[in-house]
Amino acid sequence: MFCIKAYQSSSYLDIKGIKVDGKAAKWELFPRVEALGSPLTISLAEPVDRDQEINIDISLSTTNDCTALQWLNAAQTSNRRQPYMFSQCQAIHARSVFPCQDTPDVKAPVDFNIRSPLPVLASGLPTGSRDYQPPKDTKTCGTLLYTFKQEVPIPSYLFAIASGDLACASIGPRSTVWTGPDELRGCQWELEADMENFLQAGEKIVYPYAWTTYNVLVLPASFPYGGMENPIYTFATPTIISKDRQNVDVIAHELSHSWSGNLVSNASWEHFWLNEGWTTYLERRIAAEVHDEPHFGFSAIIGWKALQDSIERYGEDHEFTRLVVDLKGKDPDDAFSSIPYEKGFVFLYHLDNLIGREKWDKFIPHYFTTYKYKSLDSYDFKATLLDFFSSDKEVSKKLQVLDWDKWFYAPGYPPKPKYDDTMAKKCYDLATRWQNMVSKPFEPKRSDIDNWFAQQSYVFLERVMNFDKPLRSEDVEKMGEEYGYASSANVEILFRYFAVGLKARCKSVYQPTSELLGKVGRMKFVRPLFRELEKCDRELAIRTFEQNREFYHPICRQMVEKDLFGDKK
Ligand code: BES
Ligand code: ZN
């Protein structure tokens, strides 16, 4: 028998009233605890049996402080014709849309009923749209009621909605892309060549796709992440639409979450590596299937660099450089970095090598079957792996002597694996020529990077960015022009090129950097560019932020504010 109170998380909600099984209930909103929000308790008139269902009906509205939703007026959208809204709930922002048990350890099926004058998407399968006659006393803003059904139980952070001037086109037999009508054809071209191949590769590695259709919504430029694995509709930044099909690995990543994260979830954000490490591992296995083995090594080398950057930024002893972190009293957004992705990947790749690919590949579907529709922590993962190989003496022995605690809790670097570096080598060699430019001058030519994948330019630029002695301004400009980096349509290139220029205090990139910061809101680009621009010209950095404050998503705005002005709130 359970009784008296139902606990929910909430954040900046305006609660109007609560009914339990049709009757008005007593409720109380407790004072806000920063980042976590305000606990809401609902008093139940009767004790409740375990597994007994009750109906809780909460009327509420969100407020201007809502951290999950961005509302764009027509002038803020790409075609300036219609307003737009979208959500981003991971990690703990769902509670600013509705009160909930906002932990990935709790899952539920969801029905969505959303009214809007514009097309709506939500993280369920669409079940239609129809006329809606609201009760007489309600204000209505819409003409249609859009309905979606998510029958697979999902954690609150996978709740997602978007509405705006949206059109759709096919990108595969079970996939569509959604975006503004003017951008539709470009988005279709970018994704249609790879989408079904990715799905089939994922299915080969794990097991059949469980969510019926896989679609992509390409959002306005203020979307703060590269991608978000909302079920049925992955939300993606428009910066993956680079007109060269070179950034679709983000989609392979989000698709991989259909197994790791969405079916099998981390039980808390302290075990986030189970979501992102596994997803990064699957993403790279998909790349090896769809392209070739060197792509696996190349992507892993890029990942190691991202890991290095994050560890250097926090410091090698920092709590957040552990695989399993302690988040008590902390905001998971502050702990976000490449570490769970890349240290998690290195751990799984280590297990793959230790156990041997053939046997390891049998464990993958076993793991994703055991925890399908469930959540787990790192200790469940360890127990499941040990149990699976318990009758294999050779593997068992290796797993017994593995220093699990060190992998889980040691801060700083894991042991560096060996990767196939055929693709990376060319990038390093060219970077060395630029490094020696002063003592051994050379005339850069476009042909230096002929037939390169864009990612090879990323690796090259990252090497240059980390030279002890930055380039001379005139060399930065020469590079930008000769290699076409300064005018690239690929934001991944522009971002790294501007970072090289800022490190070199090359004044001619300051203004273009400030302009780019008014056009993209993806935090991966925005935060490092602000950090570097601030070192060059703090006043310009602050002016740029103030001018674009409304353009940025609330999460991004909050993070940049912390980066530029410290944690004042
Ligand atoms: N689930 C993440 C995005 C996320 C993480 C949002 C934590 C909020 C809190 C998503 O799958 C992701 O990892 N996106 C990456 C893509 C990349 C690794 C290919 C991104 O946004 O850059
Ligand atoms: Zn991810």
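Just so it is clear, the model here is predicted, and its values are computed rather than measured. All ligand and atom numbering here is 1-based and tracks the order in the structure.
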- Query: Can K535 and E532 be counted as an ion pair, charged N to O under 4.0 angstrom?
  - Reply: yes

Ligand 1 N/O to protein N/O, distances under 3.5 Å:
unit_1: ligand 1; atom_1: 1 (N); unit_2: Q90; atom_2: OE1; d: 2.7
unit_1: ligand 1; atom_1: 1 (N); unit_2: E229; atom_2: OE1; d: 2.6
unit_1: ligand 1; atom_1: 1 (N); unit_2: E229; atom_2: OE2; d: 3.1
unit_1: ligand 1; atom_1: 1 (N); unit_2: E276; atom_2: OE2; d: 3.1
unit_1: ligand 1; atom_1: 11 (O); unit_2: E229; atom_2: OE1; d: 3.0
unit_1: ligand 1; atom_1: 11 (O); unit_2: H253; atom_2: NE2; d: 3.2
unit_1: ligand 1; atom_1: 11 (O); unit_2: E254; atom_2: OE1; d: 2.7
unit_1: ligand 1; atom_1: 11 (O); unit_2: E254; atom_2: OE2; d: 3.2
unit_1: ligand 1; atom_1: 11 (O); unit_2: H257; atom_2: NE2; d: 2.8
unit_1: ligand 1; atom_1: 13 (O); unit_2: H253; atom_2: NE2; d: 3.1
unit_1: ligand 1; atom_1: 13 (O); unit_2: E276; atom_2: OE1; d: 3.4
unit_1: ligand 1; atom_1: 13 (O); unit_2: Y341; atom_2: OH; d: 2.6
unit_1: ligand 1; atom_1: 14 (N); unit_2: G227; atom_2: O; d: 3.3
unit_1: ligand 1; atom_1: 14 (N); unit_2: E254; atom_2: OE2; d: 3.2
unit_1: ligand 1; atom_1: 21 (O); unit_2: G226; atom_2: N; d: 2.6
unit_1: ligand 1; atom_1: 21 (O); unit_2: G227; atom_2: N; d: 3.4

- Item | Within residues 204-217 or reaching into it, pairs that qualify as salt bridge (Lys or Arg N to Asp or Glu O under 4.0 Å) - sequence neighbours excluded | K204-E289

- Item | Salt bridge flag under 4.0 Å for residues E34 and R32 | yes

- Ring geometry between F336 and Y225 (parallel below 30°, tilted from 30 to 60°, perpendicular above 60°): perpendicular

- Message: Centre-to-centre under 6.0 Å for Y349 and Y281, is that the case here?
- Response: no

- Item | Short N/O/S contact of E276 with the Zn ion (ligand 2) (below 2.8 Å) | yes

- Applying salt bridge (charged side-chain N to carboxylate O under 4.0 Å, His left out), run through E342 and R284 and close with a yes or a no. CA-CA 12 Å; E342 299 300 342; R284 291 182 181 147; 3.0 Å; yes

